[in-house]
Amino acid sequence: MLTIQSERQIPAKLLPFLQPSRHKAAHGGRGGAKSWFFGDEAVERTLNGQRGVCIREMQNSLEESCKQLIEDCIARRGLELYFKITDKYIACLASGGRIIFKGMNQYNATNIKSLEGFDWAWVEEAQDFSQESIDQLVPTLRKEGSELWWSWNPRHETDPVDVMFRQDPPSNAIVIEIGWQDNPWLPDELRNEKDELYRKDEEKADWVWGGGYQVISEGAIYGQQMLDAKKQDRITFVPYNPSSPVFTGWDLGRDDETAIWFAQQFGEGLHAIDFYKNALETLPHYAEVIRSKPYNYGGHMLPHDGNSKTILAKHSAKEQLEELGLNNVKVIPRAANMEAVLGDIEFGRKMISVTKFDQDKCSQGIRALQQYRREYDTRLKTFKQRPLHDHNSHPADAWRTLAVAWNGDLLVKPKKAAPLVLPNYGAI
Ligand SMILES: Nc1ncnc2c1ncn2[C@@H]1O[C@H](COP(=O)(O)OP(=O)(O)OP(=O)(O)O)[C@@H](O)[C@H]1O
Ligand SMILES: [Mg+2]
């Protein structure tokens with residue numbers, strides 16, 4: 001082992017990372033000294049003869065890797081003489097330590113085994129790391145005492161790395177949130193950039209610098225409309241109005257989620273008063289949920305497959321729900337192609353712009369509408385037109401069902417709704 005005394009500065013918040021741990025996870029907004037810490041750590045480990053990999057989800061060239069950052073760490077600490085830097089790796093010849101730089105796209109189930117004897121792996125930009133990559137990398141690094149380091153700027157609470165470390169962290173993990181406030185060496189350039197963004201767009205600054213989750217995700221379909229709803233205080237307390245019928249809008253999950261919105265027309269606008277979703281339940285379950293709520297229903301809007309009959313189900317969802325006691329069950333027309341789907345999404349946008357959402361009862365649905373987004377083409381690095389099929393798409397599809405019904409005047413508008421006046425809420 002080499003004994004080299006070179007100055008290394010460590011932010012106080014990251015000191016717990018100096019003790020051994022299987023996982024070391026650092027998340028937060030920009031400028032939190034995360035990359036410099038792990039860069040310095042990589043340099044130390046290499047001097048001590050360890051082998052490590054800097055890895056990210058996608059890497060097409062070394063410019064996209066942390067290699068430059070680590071070279072800068074070496075230069076800053078005047079350690080150039082101890083390292084050999086090539087276009088593929090950084091090595092310490094005296095100790096035998098080495099760092100390589102990879103993307104998970106360069107590995108398959110077989111060649112990833114080459115990492116089995118590595119001492120550490122640093123997953124930078126871990127918000128992009130997929131569940132498959134986590135499942136592949138973690139068990140591969142199996143040398144005794146080997147460590148996985150994770151650093152990222154949070155984006156969605158549903159990103160696999162957030163689920164892994166922030167919702168139910170493993171017992172062998174040290175998880176630290178760190179931001180610009182904790183970085184004693186924050187350069188003026190970054191500080192000014194931060195102040196500027198907080199002045200111009202507080203919402204975005206809270207994500208980029210505050211380490212919060214993104215309110216409008218990239219490729220968001222309803223993001224702008226949901227942000228407007230929030231800014232205009234339309235995500236609030238919205239009570240049930242017994243004098244106006246409640247309509248439900250559905251997405252029917254055959255093998256996955258079923259989602260249901262509960263809404264009341266109010267003048268030209270809509271009140272989203274409730275939301276329900278579940279997975280792998282049968283129609284009697286959903287009918288019971290509907291019946292158990294104290295609402296006076298005007299009708300139930302199903303997507304086009306509400307009319308489908310299969311060998312397994314001789315009765316369509318519409319027929320079954322009617323049999324289960326729901327009245328006025330209607331099926332909206334099928335969107336013939338992607339262009340028609342996009343047209344229906346436009347109705348969904350318009351409907352959001354005139355809707356008040358109940359922040360508590362609709363919280364799951366609201367989050368899904370905020371995060372519903374288009375598919376990303378990793379090769380072309382652009383968003384496709386097609387919406388991404390994920391846990392957000394079912395509530396968003398149910399919203400679209402309601403929007404198509406609303407646009408097609410399928411919802412029975414109340415003749416003249418009496419204005420409801422509530423304490424602290426005002427006339428609606
Ligand atoms: N140990 C350190 N010693 C001196 N300066 C530091 C140190 N760590 C960070 N800095 C300064 O703070 C800046 C931000 O640090 P760093 O790039 O590590 O943050 P980060 O958390 O990775 O940010 P981002 O989320 O934007 O990637 C660096 O460019 C550097 O100027
Ligand atoms: Mg960084």
Side-chain angles (χ1 to χ4, degrees), residues 216-226 229 247-263 265 268-270 272 275-279 283 286 298-310 313 315-322 326 328-355 357 362 364-377 382-413:
I216 299 191
S217 45
E218 302 107 297
I221 292 170
Y222 292 136
Q224 188 57 53
Q225 291 72 28
M226 291 306 288
F247 292 89
T248 63
W250 294 54
D251 181 50
L252 289 167
R254 299 260 167 246
D255 298 319
D256 47 14
E257 271 180 6
T258 287
I260 307 170
W261 283 95
F262 297 72
Q265 192 120 12
E268 292 301 301
L270 207 70
F275 175 82
Y276 182 79
K277 71 170 189 168
N278 210 328
L283 286 174
Y286 297 108
H300 307 279
M301 308 297 142
L302 303 188
H304 69 88
D305 50 354
N307 269 334
S308 311
K309 300 181 190 195
T310 63
H315 298 282
S316 67
K318 172 178 157 63
E319 289 164 349
Q320 291 181 58
L321 288 173
E322 280 168 345
L326 302 196
N328 197 20
V329 180
K330 290 184 174 163
V331 178
I332 63 157
R334 183 194 186 108
N337 49 34
M338 186 45 65
E339 213 167 302
V341 171
L342 297 180
D344 290 350
I345 284 176
E346 208 42 54
F347 296 141
R349 291 200 176 106
K350 283 204 186 115
M351 196 165 78
I352 293 174
S353 67
V354 295
T355 298
F357 294 88
C362 298
Q364 282 182 311
I366 291 168
R367 210 163 36 236
L369 291 182
Q370 287 167 335
Q371 293 183 4
Y372 180 48
R373 57 192 157 137
R374 293 183 282 151
E375 257 180 44
Y376 190 67
D377 187 325
T382 53
F383 285 94
K384 299 179 190 174
Q385 279 200 321
R386 175 185 298 282
L388 180 70
H389 180 102
D390 66 358
H391 56 278
N392 297 316
S393 60
H394 305 288
D397 286 347
W399 184 260
R400 180 153 53 94
T401 303
L402 199 63
V404 171
W406 174 72
N407 184 63
D409 277 335
L410 282 179
L411 309 193
V412 183
K413 294 188 184 174

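- At least one donor-acceptor pair closer than 3.5 Å links the side chain of Gln320 to the backbone N or O of His315.
- If you take CG on Asn392 and CD on Gln364, they are separated by 11.0 Å, rounding to the nearest 0.5 Å.
- The distance from the CG atom of Leu283 to the CD atom of Glu319 is 11.5 Å, given to the nearest 0.5 Å.
- If you take CD1 on Ile332 and OG1 on Thr401, they are separated by 4.5 Å, rounding to the nearest 0.5 Å.
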So Glu339 and Leu342, side chain to side chain contact (heavy atoms under 4.5 Å, CB included) or not? Walk me through it.
-> CA-CA 5 Å; Glu339 213 167 302; Leu342 297 180; 5.7 Å; no
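- Put simply, the side chain of Thr355 does not reach to within 4.5 Å of the side chain of Trp406, judged on heavy atoms.
- With rounding to the nearest 0.5 angstrom, the CD1 atom of Ile260 is 13.0 Å from the CE atom of Met301.
- Residue Thr382 holds its OG1 atom at 8.5 Å from CZ of Arg374, rounded to the nearest 0.5 Å.
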Go through the steps to decide whether Ile345 and Arg400 satisfy the test side chain to side chain contact (heavy atoms under 4.5 Å, CB included), and finish with yes or no.
-> CA-CA 6 Å; Ile345 284 176; Arg400 180 153 53 94; 3.7 Å; yes
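- The heavy-atom pair separating Glu257 from Pro395 by the smallest distance is OE1-CD, 4.3 Å.
- A heavy-atom distance below 4.5 Å is not found between the side chains of His394 and Lys277.
- Of the residues Trp261, Phe262, Phe347, the one that meets the side chain to side chain contact (heavy atoms under 4.5 Å, CB included) test with Leu402 is Trp261.
- Note that CD of Glu322 and OG of Ser316 are 7.5 Å apart. Values are rounded to the nearest 0.5 Å.
- Tested against Lys318 for a side chain to side chain contact (heavy atoms under 4.5 Å, CB included), the candidates Leu326, Leu252, Asn307, Asp305 yield a single pass: Asn307.
- Met226 is listed as a side-chain neighbour of Ile366, based on a closest heavy-atom distance under 4.5 Å.
- Considering only heavy atoms from C-beta on, Asp397 stays 4.5 Å or farther from Pro303 through its side chain.
- Between Ala259 and Ala398, the closest heavy-atom pair is O-CB, 3.5 Å.
- Trp250 is listed as a side-chain neighbour of Leu321, based on a closest heavy-atom distance under 4.5 Å.
- Using a 4.5 Å cut-off on side-chain heavy atoms (C-beta onward), Glu268 and Val354 make no contact.
- Put simply, the side chain of Arg349 reaches to within 4.5 Å of the side chain of Ile221, judged on heavy atoms.
- Side-chain contact between Tyr286 and Thr248 is absent, with no heavy atoms from C-beta onward closer than 4.5 Å.
- Between Tyr222 and Tyr372, the ring planes lie tilted relative to each other; the angle falls in the 30° to 60° range.
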